Asks: 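After the structure tokens below, expect a handful of questions from me.
All figures in this text were calculated on a predicted structure; none of them were measured in a lab. Counting convention: from 1, in listed order, for ligands and their atoms alike.
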Amino acid sequence: MSVDSITFEEFEAVQNRASSPENEPTFGEVVQQRLGRRDILRGILGTSAIAAFGPAIPLPAGMGDAAAQAAARPLPKDKDGFSFVFDELARGVDETHHVAAGHNADVLIRWGDPLFANAPAFDPQKQTPQSQLQQFGYNCDYTAFMPLPLGSKTADHGLLWVNHEYTIADMMFPGLVPEGQDRSVPEAITKDMVEIEMAAHGGSIVEIKRGKDGKWAYVRDSKYNRRINAVNTEMEFTGPAAGHARMKTKDDPAGRKVIGMLNNCAGGFTPWGTVLSGEENIDGYFMGTVDQSHPEQRNYDRMTVPSPWYQWGRFHDRFNINKDPYAANRYGWIVEIDPYDPTSTPRKLTALGRFKHEGAGVHVNKDGRVVVYMGDDQKFEHVYRFVSKGKFNPADRKANMKLLDEGTLSVARFDADGSVHWLPLVHGKGPLTAANGFKDQGDVMISARLAATHLGATRMDRPEDVEVNPRTGLVYIMLTNNDDRAPESPLHPAQAQVNAANPRAGNSWGHIVEMAPPGGDHTADSFKWEILLKAGNPAKPETAASFNPATTENGWFACPDNCAFDSMGRLWVGTDQGNKWQWTSGDADGIWAVETEGPLRGTARMFFRVPIGAEMTGPSFTPDDGALFLSVQHPGVDGVEKVTKSGGRGTFADPGTRWPDFKPDMPPRPSVVVVTRKGGGPIGV
Ligand code: FEO
Ligand code: CA
Ligand code: CA
């Protein structure tokens, strides 16, 4: 977090509060209906129920994607039947990272590492906007491996895309926090600091190679290396909101171009070799207000714009909505980037809607249309699906680049009977009319949250990554937590907020929902859904957690956030407990391997953990599953009061750890770690 007098965690707590209105009936009865069905077997009554009723249910017949299943490599199996073959890591928390035995976890690239031949070495005492523009950015998040050359099956040489989600001024700038204190004041932030922050945002493209010794390294002077940033990277809008009146500013009277992307959290990649990157908490970058009577006010309220976090608007009018009332509408989109062309212009895809995007799970449907699943990460927000109008053509990359410009965005309503219905956000359909404030399709996309509310979408527990299992075609939603969800109460029945797909009140631990498209058709109007597991400590009944009872005490986790499937269709889940980790689990975030099929379905095993104060983000694999890339975000920051000298939160001078350099003059550095198996071969096999 920056500068201002609040931490990122505090900011996050504010912005994660629901901004959506109460728009649903009480779901008490429907929860009971669901409990009467499969959830009893899944352990909502406690893990003993599973033991009594037998093992968790295997995939229901016809729910998976038969074609995908037939094409997938067979799953490995250890002596106990697990498809993940490794000795589980012990849970815990300390100053460094750990990986399961038999694997290496090496730091590949750190904040400040030079990306170009002439880029300066990282010197935290002498950082400038110019040096940061040539170096790896801050708070790495989503990663994606793209083989070199494009279209090859190469698994030891490629481009790594990395999101740089946000910056934390108090951890980046020496002397900013007064001695003996644990936070700076907003006025202490200088224009140079703001520009370093802007330069450290966005993303990096960096060429990487696996050497003969099996070790990965980045190529410093690669012609592909690029820093996408918020200082000078021009982007263009495509789709129905491009050129819309609500996208126009003084700098861009046509409403078609914008500098930079903000708070890029997770993402996805396309089969035509581009990256999708999601702008998440864009509200924190804007200051100023629009008049309460201004037509934009309602939508800004729903997006919690402005939020008091960054100081950028003091120095740059494009972050001040007093100066430009529509400035914030130009952020909050999915951005498509071509990493193979360093001169390409990133495109903000307005057909995919504007909200607080986590990631973008891409799937080519069997008829060739491209489907993108997306979560909107705020309490009580929604799950979305985009279906392209056109079809993927493996022989025409240029045409594929336009596929995400036109199609249908829908939002999910999860019903108690186990069905999920996709409600189209199409102007003129149902309530999406001028009478409700939607004059055209651009309005619907810019105000996607408001449109979703009109359609009756289900209010979820902070939807983060949504990914398709390449083996079964089933779709998995990480719901990270929502401790504001109100319970049922006989005295106040109208205030209950639990619903079938989000059944726990005060859900501090999150859960995973599985969706099954009928016959593997991801464009269908209705799917089936199930809860795969409810996170939390199964030994504590008050958490109402449900894992498969084969899960050990190291295997349970809290707050699923990012996830990745390897090429075999095994699910790896990263966690983000935030600064409440001491309460939600008592241990560090990390990666857990989660079984999704067979008798061990719903079992989790711990594979990797981060240093204290960090969050686990960005898991991705090489196509041969021989390397797993992980982002260690904000080491030494979250919930480190017990290890800092001040007893407060981490700062540049007094961090919770100095990972990964462990040098007294070096602050902790967010870094990408690459996990490989000792002796080579696929991970966890
Ligand atoms: Fe940036 Fe939803 O985590
Ligand atoms: Ca995330
Ligand atoms: Ca998160």
Side-chain angles (χ1 to χ4, degrees), residues 1 7-9 11-18 137-144 162-168 201-203 261-268 276-285 303-304 307 309 331-332 334-335 355-361 373-384 460-467 476-483 507-512 535 557-564 572-581 584-585 588-591 610 613-620 630-634 637-639 670:
M1 145 61 192
T7 62
F8 176 70
E9 305 85 71
F11 165 77
E12 210 176 24
V14 170
Q15 63 86 31
N16 277 331
R17 277 203 309 249
Y138 204 76
N139 271 345
C140 38
D141 202 302
Y142 177 72
T143 70
V162 185
N163 280 357
H164 297 299
E165 188 183 21
Y166 67 100
T167 50
I168 307 174
H201 271 71
M261 56 186 199
L262 302 176
N263 213 263
N264 289 71
C265 189
L276 303 180
S277 180
E279 293 185 297
E280 193 188 19
N281 298 311
I282 59 94
D283 46 330
Y285 299 83
M303 287 289 284
T304 63
S307 294
W309 186 18
Y331 301 88
I334 292 286
V335 187
F355 41 91
K356 293 183 183 176
H357 282 281
E358 180 76 15
Y373 292 101
M374 298 172 285
D376 180 352
D377 181 10
Q378 187 159 0
K379 289 172 181 173
F380 300 107
E381 290 298 337
H382 310 303
V383 173
Y384 294 82
M460 308 294 286
D461 286 345
R462 294 185 58 196
E464 304 239 33
D465 272 358
V466 186
E467 292 287 341
Y476 293 82
I477 307 166
M478 305 297 119
L479 295 152
T480 201
N481 57 48
N482 181 355
D483 57 5
N507 178 9
S508 295
W509 309 276
H511 57 293
I512 300 177
F557 56 81
C559 307
D561 183 334
N562 296 140
C563 70
W572 304 76
V573 174
T575 64
D576 170 18
Q577 300 167 93
N579 61 354
K580 291 187 188 147
W581 61 265
T584 46
S585 79
D589 282 320
I591 292 285
V610 296
E615 155 187 358
M616 182 85 273
T617 62
S620 71
L630 299 171
S631 284
V632 174
Q633 199 183 86
H634 59 74
V637 177
D638 269 351

Asks: What is the name of the N/O/S atom of Glu358 that is nearest to atom 2 (Fe) of ligand 1?
Replies: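 It is OE1, the N, O or S atom of Glu358 closest to atom 2 (Fe) of ligand 1.
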Asks: Looking only at N, O or S atoms in Glu464, which is nearest to atom 2 (Fe) of ligand 1?
Replies: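 When I compare the N, O and S atoms of Glu464, OE1 is nearest to atom 2 (Fe) of ligand 1.
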Asks: Distance check below 2.8 Å: does Glu280 bring an N, O or S atom to atom 1 (Fe) of ligand 1?
Replies: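 Of the N, O and S atoms in Glu280, at least one lies under 2.8 Å from atom 1 (Fe) of ligand 1, which means yes.
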Asks: For Arg462, is there an ion pair with Asp561 - N to carboxylate O distance below 4.0 angstrom?
Replies: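 Salt bridge absent between Asp561 and Arg462.
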Asks: Only to 10 degrees, please: what angle do the SG atom of Cys265 and the OE2 atom of Glu165 make about atom 1 (Fe) of ligand 1?
Replies: 90°
Asks: Under a plain distance cut-off of 3.5 Å, with no hydrogens placed, do Glu165 and Asn139 share a side-chain donor-acceptor pair?
Replies: no
Asks: For N/O/S atoms only: which one belongs to Asp377 and is nearest atom 2 (Fe) of ligand 1?
Replies: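 Of all N, O or S atoms belonging to Asp377, OD2 is the one nearest atom 2 (Fe) of ligand 1.
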Asks: Any idea which heavy atoms bring Asn263 and His201 closest together, and the distance?
Replies: N-CD2, 4.1 Å
Asks: Do any N/O/S atoms of Glu358 come under 3.0 Å of the Ca ion (ligand 2)?
Replies: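 Yes, Glu358 qualifies, because one of its backbone or side-chain N, O or S atoms lies under 3.0 Å.
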Asks: Is the closest side-chain heavy-atom distance between Glu279 and Leu262 below 4.5 Å?
Replies: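 Yes, close enough: below the 4.5 Å cut-off.
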Asks: Report the name of the N/O/S atom of Asp561 located nearest to the Ca ion (ligand 2).
Replies: OD1
Asks: Glu467: which residues meet the salt bridge (Lys or Arg N to Asp or Glu O under 4.0 Å) condition with it, sequence neighbours left out?
Replies: none
Asks: Hey, what's the ring geometry for Tyr166 with His634, parallel, tilted or perpendicular (30° and 60° as the breaks)?
Replies: tilted
